[in-house]
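Down below is the structure, laid out as structure tokens.
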Protein chains: 2
Amino acid sequence: MDAFAAIADPVRRSLLERLASGPARVVDLAAEHPISRPAISKHLRLLVEAGLVAADQHGRERHYRLVRAGLAPVRSWTDALVRTAPPIPASALDGLDLEVRRTSRDRRGTPTPRTHEETA
Amino acid sequence: MDAFAAIADPVRRSLLERLASGPARVVDLAAEHPISRPAISKHLRLLVEAGLVAADQHGRERHYRLVRAGLAPVRSWTDALVRTAPPIPASALDGLDLEVRRTSRDRRGTPTPRTHEETA
DNA sequence: AGAATCGGTAACCGTTGTGTTACCAATAGG
DNA sequence: CCTATTGGTAACACAACGGTTACCGATTCT
């Protein structure tokens, strides 16, 4: 499971938020959540597999900790999407008015992209 | 469906990436993907519901466009998690060495948080 | 040694998600 | 007017998800 699917579950996000304040054991996390310990254990296994969490073994105890670097794929992807705002300097639009009018009925498959409104 | 679950699916991420380069119709998106048109349609419905996409009706055609603001929840959440790196100025650690040694075996439920290594 | 704690895993089950095909309404075009 | 295109939706099949209980091994403490 990748990081995107990992953070899709509210329980797992809650676990990550908890681990952000310091490592914890499975029993600790289970005590702080309304679901059973095996359920927590399974979520943690997915989070480890996704690279968002790591575990340190101390005798019979296992201390899970947050691996912030695992969020890098999510951050870079969202950043890339948000940053694709069309640059298009106003100078490039000079004298385009007549051209747009001529082709307004031809290019059906590729409608003119919005450059204002909710494109922000 | 919220934005987190929306971007968990690879197909939907692909759709969002495509819409980042300009609006498109369902048939266009279906032609660019290996799945059927109804499947695309259902994904788009979820994306609209998640606030990541909006549609403009033009006669019988429907032009879907990316709504970048819909990613705000994901960005703010990931930012918050990453930014929880323990500040802890070095000055606050002065004279703590003796204290730590005294309690190292007592505080079992709340182990000492990592402040180095993969915590980054 | 014996009891208790920690924690993983197997087996099972209901729900949800993702795809398909088939069908339908609405609009555009010859 | 008739046909083609666009696109939503219903019905269905199958896989995956998220939870439970039961059971197990390993370690720690008395």
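Here the structure is a predicted model, which is why all the values come from computation and not from measurement. So that the names make sense, note that chain A is the first sequence line, chain B the second, and so on, each numbered from 1.
Rounded to whole Å, atom C1' of C:dG7 lies 15 Å from atom CG of A:Asp56. B:His33 has its NE2 atom 15 Å from the P atom of C:dT18, to the nearest Å. Taking atom CD1 of residue A:Ile40 and atom P of nucleotide C:dC6, one finds them 15 Å apart after rounding to whole Å. Going from atom CD of B:Glu61 over to atom C1' of D:dG8 covers 15 Å, rounded to whole Å.
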Determine, for nucleotides 8-17 of chain C in 5'-to-3' order, which nucleotides have protein heavy atoms under 4.0 Å from the base (write B), from only the sugar-phosphate (write S), or from neither (write -). BB-------S
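For the pair B:Arg25 and B:Tyr64, the NZ or CZ position fails the cation-pi test of under 6.0 Å to the six-membered ring centre and within 45 degrees of the ring normal.
Between A:Pro73 and A:Gly70, the shortest heavy-atom contact is CD-O, 3.2 Å.
Dashed line: the shortest gap from a side-chain N or O of B:Arg25 to OP1 or OP2 of D:dT6 is under 4.0 Å. In this structure, B:His58 does not reach the C:dT27 phosphate: none of its side-chain N or O atoms is under 4.0 Å from OP1 or OP2.
The aromatic rings of B:Trp77 and B:Phe4 lie perpendicular to each other, with more than 60° between the two planes, well past the 30° mark.
Applying the salt bridge (charged side-chain N to carboxylate O under 4.0 Å, His left out) criterion to B:Glu49, with sequence neighbours excluded, gives no partner residue.
Counting distance only, with no hydrogens placed and no angle test, the side-chain atoms of A:Arg60 and the base atoms of D:dT27 include a donor-acceptor pair under 3.5 Å.
In the hydrophobic cluster analysis, where Ile, Leu, Val, Met, Phe, Trp and Tyr join through side-chain heavy atoms closer than 4.5 angstrom, A:Val26 is grouped together with A:Val11.
In summary, B:Arg37 and B:Asp28 do not engage in a salt bridge, as defined by a charged side-chain N under 4.0 Å from a carboxylate O.
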